[in-house]
Amino acid sequence: GLAGFDDRENYIPPIDYHICRIAIRAGILIVQDEEFLGMLRSHTPVSEDDDIEIRSAAIEAIGEIAKSSVQSNAMDIQGLLWALGRDCCFEDGPRCFSCPLEECSTRKYYPQLQCEGFCPLQAVCRAANEEPVLQSVREQNFVTTWY
């Protein structure tokens, strides 16, 4: 509540590794290069260009989702993906169908979701459904010092 923004449509979401991981697993971003997908699965270091490409694609995808949403904006979508990536879709395995946490970022920041012990995206998530191999995808391995 420290500030208000009148132009939320111009919001450029910050993209951290949690968002990159969940965006690829969920199918928001689709990695078509099998070699690169293998690098994400094995957590092989990637170049700065690859890191920027994934983050830029995530920014664009969140913007597109926001444009087609009646109820959400890019800030809300970015925040939700961050919360899910932080507490539901772990690096070493997602909690698609069951979650033992009683308190988590998703419930704290988005209590209206009432996730009820499973990921709110699991019904539409590629990793949870048609492509379980994506559950082993991790975020890009690129050392950053800028956040």
Side-chain angles (χ1 to χ4, degrees), residues 1-33 36-37 39-43 46 48 50-147:
L2 296 175
F5 301 96
D6 293 331
D7 63 342
R8 288 183 180 244
E9 68 279 359
N10 294 321
Y11 175 74
I12 299 173
I15 303 298
D16 77 346
Y17 60 96
H18 295 303
I19 294 170
C20 293
R21 179 177 61 252
I22 197 168
I24 294 168
R25 286 180 178 175
I28 295 167
L29 297 179
I30 297 175
V31 178
Q32 295 177 332
D33 182 322
F36 190 69
L37 188 61
M39 292 174 70
L40 295 173
R41 291 181 69 213
S42 65
H43 210 56
V46 301
E48 182 176 8
D50 289 335
D51 179 68
I52 290 170
E53 188 172 342
I54 289 174
R55 291 175 195 263
S56 297
I59 290 169
E60 185 177 333
I62 288 171
E64 290 299 316
I65 294 168
K67 284 180 193 174
S68 65
S69 175
V70 175
Q71 297 178 339
S72 298
N73 56 51
M75 188 179 291
D76 294 334
I77 295 164
Q78 179 267 338
L80 175 62
L81 293 176
W82 172 82
L84 292 172
R86 184 173 181 269
D87 286 338
C88 301
C89 203
F90 286 126
E91 301 89 1
D92 58 355
R95 296 175 168 167
C96 305
F97 301 103
S98 66
C99 177
L101 296 178
E102 290 185 27
E103 293 294 323
C104 68
S105 298
T106 305
R107 287 187 177 123
K108 179 179 178 181
Y109 297 114
Y110 300 94
Q112 69 275 22
L113 285 180
Q114 300 175 3
C115 64
E116 300 178 19
F118 57 87
C119 177
L121 296 183
Q122 60 96 358
V124 296
C125 177
R126 289 178 66 205
N129 297 293
E130 67 267 15
E131 292 191 58
V133 70
L134 290 176
Q135 291 181 15
S136 64
V137 167
R138 296 188 57 183
E139 65 279 353
Q140 68 275 21
N141 182 355
F142 181 75
V143 178
T144 61
T145 56
W146 4 280
Y147 67 92

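The first residue of the sequence shown is numbered 1, and numbering continues consecutively from there.
- With sequence neighbours excluded, the residues forming a salt bridge (Lys or Arg N to Asp or Glu O under 4.0 Å) with Arg21 are Glu91, Glu139, listed by chain and number.
- Smallest separation of non-hydrogen atoms from Gln135 and Pro94: CG-CG, 3.7 Å.
- Arg55 places no side-chain N or O within 3.5 Å of a backbone atom of Cys20 that could act as its donor or acceptor partner.
- For Glu103, the CD atom counts as loosely surrounded, since its 6.0 Å shell holds 12 or fewer non-hydrogen atoms of other residues, nucleotides or ligands.
- In terms of modelled atom types and a separation under 3.5 Å, the side chain of Arg107 and the main chain of Leu101 share a donor-acceptor contact.
- For Asp7 (side chain) and Asn10 (main-chain N/O), no donor-acceptor pair under 3.5 Å exists by modelled atom type.
- Closest approach of Ala58 and Ile15 over heavy atoms only: CB-CG2, 3.8 Å.
- Side-chain contact between Leu81 and Leu121: present, with at least one pair of heavy atoms (C-beta onward) separated by less than 4.5 Å.
- Residues Phe142 and Asp50 have side chains not in contact (no heavy-atom distance under 4.5 Å, counting atoms from C-beta outward).
- Here the shortest heavy-atom pairing between Pro120 and Leu84 reads CD-CD2, 3.5 Å.
- Scanning for salt bridge (Lys or Arg N to Asp or Glu O under 4.0 Å) contacts around Lys108 gives an empty result, with sequence neighbours left out.
- The heavy-atom pair separating Ser105 from Arg86 by the smallest distance is OG-NH1, 2.5 Å.
- A distance-only check finds no donor-acceptor pair linking the side chain of Ser69 to the backbone of Ile65 [under 3.5 Å].
- Put simply, the side chain of Arg41 reaches to within 4.5 Å of the side chain of Val137, judged on heavy atoms.
- Not one N or O on the side chain of Gln122 forms a donor-acceptor pair closer than 3.5 Å with the backbone of Cys96.
- For the side chain to side chain donor-acceptor pair (under 3.5 Å) test, residues two or more places apart in sequence or in another chain that qualify with Ser42 are Thr44.
- For Tyr110 (side chain) and Asp76 (main-chain N/O), a donor-acceptor pair under 3.5 Å exists by modelled atom type.
- In terms of modelled atom types and a separation under 3.5 Å, the side chain of Asp87 and the main chain of Ala83 share no donor-acceptor contact.
- Atom CD of Gln71 is surrounded by 12 or fewer heavy atoms from other residues, nucleotides or ligands within 6.0 Å.
- In this structure the side chain of Ile28 never reaches within 4.5 angstrom of the side chain of Ile62, judged on heavy atoms.
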